[in-house]
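Take a look at the structure below.
Counting starts at 1 for both ligands and their atoms, in listed order.
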Amino acid sequence: MIPAAFEYASPTTVDEALQAIADGGEDVKIMAGGQSLIPVMRLRLAAPETVVDLSKVAELKGVRDDGDAIVIGAMTTHAQVLADPLVRQFAPLIAEATETVADRQVRHRGTFGGALAHADPAGDLPAVALALDAEFVVAGQGGRRTVAAADFFVDYLTTTLAEGEILVEVRVPKLGDGWGTHYEKFQRVAQAWSIVAVAAAVRRENGHIAEARIGLTNMGPTPLRASAAEAALAGAEASADAIAAAAAHAAEGTSPSSDLNAAADYRQHLARVLTKRAVSKAAGL
Ligand SMILES: Cc1cc2nc3c(=O)[nH]c(=O)nc-3n(C[C@H](O)[C@H](O)[C@H](O)COP(=O)(O)OP(=O)(O)OC[C@H]3O[C@@H](n4cnc5c(N)ncnc54)[C@H](O)[C@@H]3O)c2cc1C
């Protein structure tokens, strides 16, 4: 279908983009790569008065080193994230998850920031951002603010982004010595969305797990941390048995949906199995 008519703005700076949003009327939509937005406009599930296209805003693109963190611009495409040496070195979990996102064409147009701002619970990057304790830098007319990943995802397809705000970049802390990470995704066919997936970051110390952070994909209306499993892992021996015992808690506090792909209880089973695998691999077992 053809989208309803809309005004189009193509700013070249964040300030211009904020102004275009302010001037855009009642219903303004920000567009990144259009990979999620254009399909809903074609179905006329969204009919914005104005589309503000961020594709010419150079300051939103690329990855930079910022000392104890790497910073990924919101308009960096999935393909650029995958090709980036800083991501490979300091945040391999992001590269590993991004490799599983859709196909080459979508990865060429779709963006890191767009995938996070869209906040699809089946999306692969929100759970990764949670596991890495990433921080989101958001710009609005009143200035900039920083939001922890734990506070960014509010509800189904809903983030803390207010009307008129732009996600500018995401700060990802570098993991130091002893950390290992792994992304374990269960999908029916290659290049499909996750039925369930688990992002694990684990710090080993003296044969034990000192700290574990586990992000769950598609286990509720928002991405979630598997807090009970994390607590069970803290201080546990880095052994297959201890990890299996902790992973048994992975579905606690989750509320996955039932759909054509999987019933809720099957998703909870998958969360336990995938957590065991993801934590084991992250811990080097
Ligand atoms: C066929 C197909 C398969 C896919 N498979 C997967 C998959 O397996 N795993 C996965 O994780 N994802 C998957 N995706 C989604 C993909 O990851 C896209 O990155 C995602 O759809 C976002 O697209 P985009 O960056 O083009 O954002 P857009 O579609 O342009 O925008 C998406 C939403 O975010 C808002 N937005 C975008 N950028 C900003 C910003 N900087 N600030 C504020 N708001 C913003 C827009 O207003 C819009 O509401 C798939 C997409 C397609 C089309």
- Message: If you measure every N or O of S194 against every N or O of ligand 1, does any of those distances drop under 3.5 Å?
- Response: no
- Task: Verify whether one side chain among S194 and D124 offers a donor that lies under 3.5 Å from an acceptor in the other.
- Result: yes
- Which protein heavy atom lies closest to atom 17 (O) of ligand 1, and at what distance to 0.1 Å? H78 NE2, 3.2 Å
- Compute the shortest N/O to N/O distance between L161 and ligand 1 and return yes if it is under 3.5 Å, no if not. no
- Query: Are L125 and V172 grouped together when hydrophobic residues (ILVMFWY) are joined by side-chain heavy atoms under 4.5 angstrom apart?
  - Reply: yes
- Could you tell me which atoms of ligand 1, counted from 1 in the order shown, lie closer than 4.0 angstrom to a heavy atom of K185? 8 (O)
- Scan side-chain atoms only and decide if S55 and D53 contain a donor-acceptor pair under the 3.5 Å cut-off. yes
- Query: Of all residues at least two apart in sequence or in a different chain, which pass the ring pair (Phe, Tyr, Trp, His ring centres under 6.0 Å) check with F152?
  - Reply: F136
- Where ligand 1 meets M31 - atom numbers and elements under 4.0 angstrom, heavy-atom basis: 30 (O)
- Query: For G123, is at least one N or O under 3.5 Å away from an N or O on ligand 1?
  - Reply: no
- Message: Counting non-hydrogen protein atoms only, what is the nearest one to atom 33 (C) of ligand 1? Give residue, atom name and distance.
- Response: H118 ND1, 3.7 Å
- Item | ILVMFWY network linking L18 to V168, side-chain heavy atoms under 4.5 angstrom | yes
- Does R267 use its side chain to pair, donor to acceptor, with the backbone of S257 at less than 3.5 Å? yes
- Verdict with reasoning, R144 to V14, per side-chain contact (heavy atoms from CB on, under 4.5 Å): CA-CA 11 Å; R144 294 195 176 196; V14 170; 3.9 Å; yes
- Message: For atom 10 (C) of ligand 1, what's the nearest protein heavy-atom neighbour? Residue, atom name and distance, please.
- Response: D124 OD2, 3.5 Å
- Task: Please say whether L37 places an N or O atom under 3.5 Å from an N or O atom belonging to ligand 1.
- Result: yes
- Considering only the protein, which heavy-atom contact is closest to atom 35 (C) of ligand 1, and what is its distance? A117 CB, 4.0 Å
- Query: Considering distance alone, does some N or O of Q191 sit under 3.5 Å from an N or O of ligand 1?
  - Reply: no
- Task: Is it possible for you to say whether V137 and L161 belong to one hydrophobic cluster, with membership spreading through side-chain heavy-atom contacts below 4.5 Å?
- Result: no
- Query: Where the side chain of S258 meets the backbone of A264, is there a donor-acceptor pair that is under 3.5 Å apart?
  - Reply: yes
- Query: Looking at L54, which atoms of ligand 1 are within less than 4.0 Å of one of its heavy atoms?
  - Reply: 41 (N)
- atom 49 (O) of ligand 1 sits nearest the protein heavy atom K29 NZ, 3.4 Å
- Return a yes/no value for S36: is any of its N or O atoms, backbone included, closer than 3.5 angstrom to an N or O of ligand 1? yes
- Task: Do me a favour and list the nearest non-hydrogen protein atom to atom 47 (O) of ligand 1 with residue, atom name and distance?
- Result: I30 O, 2.5 Å
- Item | Salt bridge E230-R203, side-chain N to carboxylate O under 4.0 Å | no
- Note on the structure: Here the atoms of ligand 1 under 4.0 Å from any heavy atom belonging to A192 are 8 (O)
- Note on the structure: heavy-atom search around atom 38 (N) of ligand 1 in the protein gives A32 CB, 3.5 Å
- Task: Decide whether an N or O pair under 3.5 Å exists between G34 and ligand 1.
- Result: yes
- For ligand 1, the portion of V106 having any non-hydrogen atom under 4.0 Å away: side chain
- Query: Taking the side chain from D155 and the backbone from T158, do they hold a donor-acceptor pair closer than 3.5 Å?
  - Reply: no
- How would you list all residue pairs meeting ring-ring contact (aromatic ring centres under 6.0 Å, His included) that involve residues 175-216, not counting sequence neighbours? none
- Nearest protein heavy-atom contact for atom 24 (P) of ligand 1: which residue, which atom, what distance? G33 N, 3.6 Å
